[in-house]
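Below, read A as the first sequence line, B as the second, and so on, with proteins coming before strands; counting in each chain starts at 1. Heavy-atom basis, side chains included; hydrogens, waters and symmetry copies ignored.
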2 protein chains.
Amino acid sequence: MQRMQDTGLRLFYTQGYFNTSVDDVLKELQMSKGAFYYHFDSKEDFFVQIIQTNLTHRMYASLIDPIKSHENPLVRIVKCLEDNLETAVHNELDFGCLLGNFIAEFNGRNETIMKHLNDILAIWEVSLVTALQKGKFNGHLDRHVDCEAVSLYIISSYLGIRTLMVGTAPSAKKYRFMSQLKHYFKSLEARPITA
Amino acid sequence: MQRMQDTGLRLFYTQGYFNTSVDDVLKELQMSKGAFYYHFDSKEDFFVQIIQTNLTHRMYASLIDPIKSHENPLVRIVKCLEDNLETAVHNELDFGCLLGNFIAEFNGRNETIMKHLNDILAIWEVSLVTALQKGKFNGHLDRHVDCEAVSLYIISSYLGIRTLMVGTAPSAKKYRFMSQLKHYFKSLEARPITA
DNA sequence: GGATAAACCGACCCACGGGTCGGTTTTATT
DNA sequence: AATAAAACCGACCCGTGGGTCGGTTTATCC
């Protein structure tokens with residue numbers, strides 16, 4: 001069962017959902033169609049279940065939990081994104097951000113699936129906002145910072161760079177991206193009292 | 001011919017390439033298969049031609065030409081992106097950035113098509129870098145600014161926000177995004193000589 | 001060990017998808 | 001008007017894709 005979902009997610013991620021057939025998944029698993037349709041109502045149902053368990057777990061593990069801390073959120077976020085980009089650089093078969101790719105693939109095309117993807121996105125966003133607000137309270141961020149906007153900007157740029165890094169020179173792109181992210185973050189820091 | 005490509009691009013954009021059949025395009029055009037395969041070798045060839053003409057034109061018109069100017073590039077870029085986002089907000093059937101969506105869909109899955117998409121991406125990036133460098137020369141940007149990195153960061157965030165805006169509250173997202181972009185840009189401006 | 005259900009198998013169904021091809025209409029040329 | 005080339009038609013091919021179903025194996029419980 002775990003194996004089915006792992007394999008399914010891997011194939012959907014690497015080849016795209018519409019470009020991956022149930023037979024593809026079955027071949028990889030050496031499993032019969034009967035077994036598959038005994039466990040899942042349809043290809044879509046299969047994918048929804050993958051999202052709810054597998055994809056959600058991965059998002060928590062890589063992008064949500066790592067920023068939960070009482071330290072300076074800007075520092076935590078930088079480290080978290082840096083780690084994720086570094087992993088991507090060293091991953092031979094990187095195809096971008098799991099969540100980002102699926103959102104791009106299903107945007108406006110499948111309401112059911114988008115609902116589940118948006119749920120994860122919302123959790124991610126909220127966890128960022130929460131971390132930033134805590135940082136404001138703790139004096140790490142300037143009090144004029146718009147946490148929702150910053151959160152959105154971070155997610156946007158991250159989804160974008162993950163897509164762009166699939167192409168050539170991922171490592172160089174990672175450095176360039178991180179340099180600008182840090183630059184941007186510096187402008188969010190609490191201003192010295194000397195104003 | 002123009003109609004064929006326009007329709008093809010529209011369908012591939014709104015439904016995705018893999019999720020759109022040649023028959024779909026034909027039905028929309030009220031055209032026979034024979035006519036289609038008289039003009040194009042294959043579905044892929046059809047798409048490549050669309051990229052080379054139609055998609056390229058649109059990219060120039062919306063994101064490349066508008067930033068070619070002798071004014072302050074930061075101002076130009078802000079206005080250009082703002083305009084594009086505003087158009088997206090008012091477009092009932094917006095599905096994200098044309099180029100960005102296709103890149104996400106074909107990343108690592110079709111070398112031929114990716115080559116063409118990357119060509120456009122490279123042109124866009126170069127035009128941004130050029131504009132920024134000119135801005136540096138003209139004293140609009142701080143001389144320590146890494147133009148390649150800034151350009152990459154802009155593209156990343158733009159591709160990301162376009163994807164996110166397909167969901168709910170595009171207008172609110174646009175404002176939040178723009179506010180942070182401007183914030184970031186402020187940190188790139190030439191420092192007052194008082195340093 | 002017999003009964004019952006859960007888990008699984010794979011042949012089969014049928015619509016769809018990309019692509020072909022023999023033939024017909026349209027257009028341009030002389 | 002004759003001719004040839006360009007443009008077009010749509011029936012057809014065949015592999016694929018999602019999904020079904022009658023039957024078989026495997027676990028479970030008494």
Side-chain angles (χ1 to χ4, degrees), chain A residues 1-55 95 101-102 105-106 108-117, chain B residues 1-55 95 101-102 105-106 108-117:
Chain A
M1 188 65 166
Q2 183 68 27
R3 227 180 97 245
M4 290 172 82
Q5 300 199 345
D6 282 340
T7 305
L9 182 58
R10 204 187 70 238
L11 289 182
F12 288 146
Y13 169 61
T14 55
Q15 311 183 2
Y17 177 84
F18 292 113
N19 200 26
T20 302
S21 68
V22 175
D23 285 340
D24 288 342
V25 180
L26 263 29
K27 200 184 295 173
E28 192 98 349
L29 287 165
Q30 304 236 79
M31 178 181 276
S32 73
K33 236 168 194 186
F36 180 87
Y37 278 97
Y38 175 79
H39 290 288
F40 307 100
D41 292 342
S42 63
K43 184 188 179 186
E44 180 176 320
D45 175 55
F46 178 48
F47 188 56
V48 168
Q49 294 204 31
I50 288 178
I51 296 173
Q52 286 179 322
T53 62
N54 226 315
L55 180 56
F95 292 88
N101 281 13
F102 289 135
E105 190 166 5
F106 288 103
R109 315 209 242 265
N110 184 317
E111 229 177 298
T112 312
I113 290 181
M114 274 314 293
K115 208 195 147 303
H116 291 97
L117 295 175
Chain B
M1 188 64 168
Q2 183 68 26
R3 226 180 98 246
M4 291 173 79
Q5 300 199 346
D6 281 340
T7 305
L9 182 58
R10 204 186 71 238
L11 290 182
F12 288 146
Y13 169 62
T14 54
Q15 312 182 3
Y17 177 84
F18 292 113
N19 200 27
T20 302
S21 68
V22 175
D23 284 340
D24 287 342
V25 180
L26 262 31
K27 200 184 297 172
E28 193 97 350
L29 286 165
Q30 304 234 78
M31 180 180 273
S32 74
K33 236 166 194 185
F36 180 85
Y37 279 97
Y38 175 79
H39 290 288
F40 308 101
D41 292 343
S42 63
K43 184 187 178 186
E44 179 175 321
D45 173 55
F46 177 47
F47 188 56
V48 168
Q49 293 204 32
I50 287 177
I51 296 173
Q52 287 179 322
T53 62
N54 226 316
L55 180 56
F95 291 89
N101 282 13
F102 289 135
E105 191 166 4
F106 289 103
R109 315 210 242 266
N110 185 316
E111 229 176 300
T112 312
I113 291 180
M114 274 314 293
K115 209 195 148 301
H116 290 97
L117 295 175

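Per the geometry, CG belonging to A:D24 stands 10 Å off C1' belonging to D:dT16, to the nearest Å. Across the protein-nucleic acid pair, B:F36 atom CZ and D:dG10 atom C1' stand 16 Å apart, rounded to whole Å. Atom-to-atom, OH of B:Y17 to C1' of C:dG17 comes out at 12 Å; the value is rounded to the nearest Å. The distance from atom CG of B:N19 to atom C1' of C:dG17 is 12 Å, rounded to the nearest whole Å. Distance, A:L11 CG to D:dG17 C1': 15 Å, rounded to whole Å. Between the CD atom of B:Q30 and the P atom of D:dC8 there is a distance of 15 Å, rounded to whole Å. Atom CG of A:L29 and atom P of C:dG10 are 14 Å apart (whole Å). C:dA6 atom C1' lies 14 Å from atom CE of A:M1, rounded to whole Å.
Ring centers of A:Y37 and A:F46: at least 6.0 Å apart, outside the cut-off.
Picking from D:dA11, D:dG17, D:dC9 the nucleotide with the shortest atom distance to the side chain of A:S21 gives D:dG17. Of all nucleotides listed (C:dT20, D:dT20, C:dC9), C:dT20 comes nearest to the side chain of B:K33. Taking the side chain of A:S32 as heavy atoms from C-beta on, and the options C:dC9, D:dC9, C:dG18, the nearest nucleotide is C:dC9. Counting only heavy atoms from C-beta on, B:V22 has its side chain closest to C:dG18 among C:dG18, D:dG17, D:dC8.
With B:N101 contributing its side chain and B:F95 its backbone, the two residues share a donor-acceptor pair below 3.5 Å. The main-chain N or O of A:T7 is never found under 3.5 Å from a side-chain atom of A:E28 such that the two would form a donor-acceptor pair. With hydrogens and angles ignored, the 3.5 Å screen pairs no side-chain donor or acceptor of B:K33 with any backbone N or O of B:V22.
By the 30° and 60° cut-offs, the orientation of the rings of A:F47 relative to A:F12 is perpendicular.
Regarding contacts with the backbone of C:dA7, a side-chain N or O of A:Y38 is found under 4.0 angstrom from either OP1 or OP2. The phosphate of D:dC8 has OP1 or OP2 within less than 4.0 Å of a side-chain N or O from B:H39.
Using a 4.0 Å heavy-atom criterion, one finds that A:K43 contacts the sugar-phosphate atoms exclusively.
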